[in-house]
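Residue numbers run from 1 in the order of the sequence given.
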Amino acid sequence: MNRRRLALAVLPLLLAVTGCTSGTADDEPAPRPAAAERPSPFRDCATLSTAPTATSPGSGTATPTTATPASPGTTAPDGTTARAAGGSALPELTLSCFTGGAPVVLREVAGPAVINVWASWCPPCRKELPAFQRLSERAAGQLQVVGVNSRDSRGGAQSIGEDFGVRFPILVDQGEALQRELKRNAIPLTLFVDADGQLRHIDASGALDDTKLAKLVRQHLGLAVPA
């Protein structure tokens, strides 16, 4: 009995010394913040309506030359089909920019411009994208390189940009509206737009490399770009 009484007398003292509590919200670990969305590897689209100029920062070495547009309906040896010499306007489409911001009216993209339609699930598209990135660097200040990501997942497109170092602006066309307007059902497609905003040529010959791109830019846009 004496031992029991002693234990009961000592217990309040032990509780006071150890400071036992039932736990409060302050003791719970703070919730982890949601994982931040990866920043886009692509440039924004804010300047697409501004014509490239040779005095732009990072100006490349492309120089004007004399283009000789193919006659209407001419089929080149590589199987590409040229537009009429006078060209035609781009389709009346408004597309969102991969990085957000205001939508872009396709006809307001200032030329000269090379517009590449691609998707991450398309092997030839993946093969040629690095060449378009190099073109955007070599011809900076002389022409714009713009991508149109077609029927693709955002994650897939983002990964391609990160893995292949693609930095030029990307428009998004999940419904393949541009392909329908052009009456084309396969990608990659590359559109060559002159300084007056006229579509001079559509290339659907498959993956383009530096040499082929330089040749097409010279032929249809009148610019000499090193391959």
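- Side-chain contact between Val166 and Pro41 is absent, with no heavy atoms from C-beta onward closer than 4.5 Å.
- The line from CG of Leu223 to CG of Asp194 is 10.5 Å long, rounded to the nearest 0.5 Å.
- Looking at residues two or more places apart in sequence or on another chain, you find no salt bridge (charged side-chain N to carboxylate O under 4.0 Å, His left out) involving Arg126.
- No donor-acceptor pair closer than 3.5 Å links the side chain of Asp196 to the backbone N or O of Gln198.
- With a 4.5 Å cut-off on side-chain heavy atoms, Leu178 and Ser150 do not count as touching.
- With sequence neighbours excluded, no residue forms a side chain to side chain donor-acceptor pair (under 3.5 Å) with Asp173.
- Among residues at least two apart or in separate chains, there is no salt bridge (charged side-chain N to carboxylate O under 4.0 Å, His left out) pair with a member in residues 39-50.
- The disulfide bond (SG atoms under 2.5 Å apart) pairs that include a residue from residues 174-227 number zero, where partners must be two or more places apart or lie in different chains.
- Looking at Asp210 and Arg138, a side-chain N of the basic residue comes within less than 4.0 Å of a carboxylate O on the acidic one, giving a salt bridge.
- Under the 3.5 Å distance criterion, with hydrogens and angles disregarded, no donor-acceptor pair is assigned to the side chains of Thr211 and Asp209.
- With a 4.5 Å cut-off on side-chain heavy atoms, Ile187 and Trp121 count as touching.
- Screening residues 133-179 for ring-ring contact (aromatic ring centres under 6.0 Å, His included), with sequence neighbours left out, gives no hits.
- Listed by first and then second residue, the disulfide bond (SG atoms under 2.5 Å apart) pairs that reach into residues 137-173 come to none, sequence neighbours excluded.
- With a 4.5 Å cut-off on side-chain heavy atoms, Asn149 and Trp118 count as touching.
- Listed by first then second residue, pairs satisfying disulfide bond (SG atoms under 2.5 Å apart) with a partner in residues 132-189 number zero, not counting sequence neighbours.
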Side-chain polar contacts of residues 93-115 - donor-acceptor pairs under 3.5 angstrom, sequence neighbours left out - could you list them?
{"residue": "Arg107", "atom": "NE", "partner": "Leu90", "partner atom": "O", "Å": "2.3"}
{"residue": "Arg107", "atom": "NH1", "partner": "Glu92", "partner atom": "OE2", "Å": "3.3"}
{"residue": "Arg107", "atom": "NH2", "partner": "Leu90", "partner atom": "O", "Å": "3.2"}

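- Atom CZ of Phe132 is separated from atom OG1 of Thr190 by 3.5 Å, given to the nearest 0.5 angstrom.
- Not counting sequence neighbours, Glu128 has no partner by the salt bridge (charged side-chain N to carboxylate O under 4.0 Å, His left out) test.
- Partners of Ala214 according to the side chain to side chain contact (heavy atoms under 4.5 Å, CB included) rule, which considers only residues two or more places apart in sequence or in another chain, are Ala227.
- Among residue pairs with one or both ends in residues 98-167, those qualifying as disulfide bond (SG atoms under 2.5 Å apart) are Cys122-Cys125; sequence neighbours excluded.
- Applying the salt bridge (charged side-chain N to carboxylate O under 4.0 Å, His left out) test to residues at least two apart or on different chains, the pairs with a partner in residues 152-170 are Glu37-Arg154, Arg38-Glu162.
- At distances below 3.5 Å, not a single donor-acceptor pair connects side-chain atoms of Glu176 with backbone N or O atoms of Arg151.
- Side-chain contact between Leu216 and His201: present, with at least one pair of heavy atoms (C-beta onward) separated by less than 4.5 Å.
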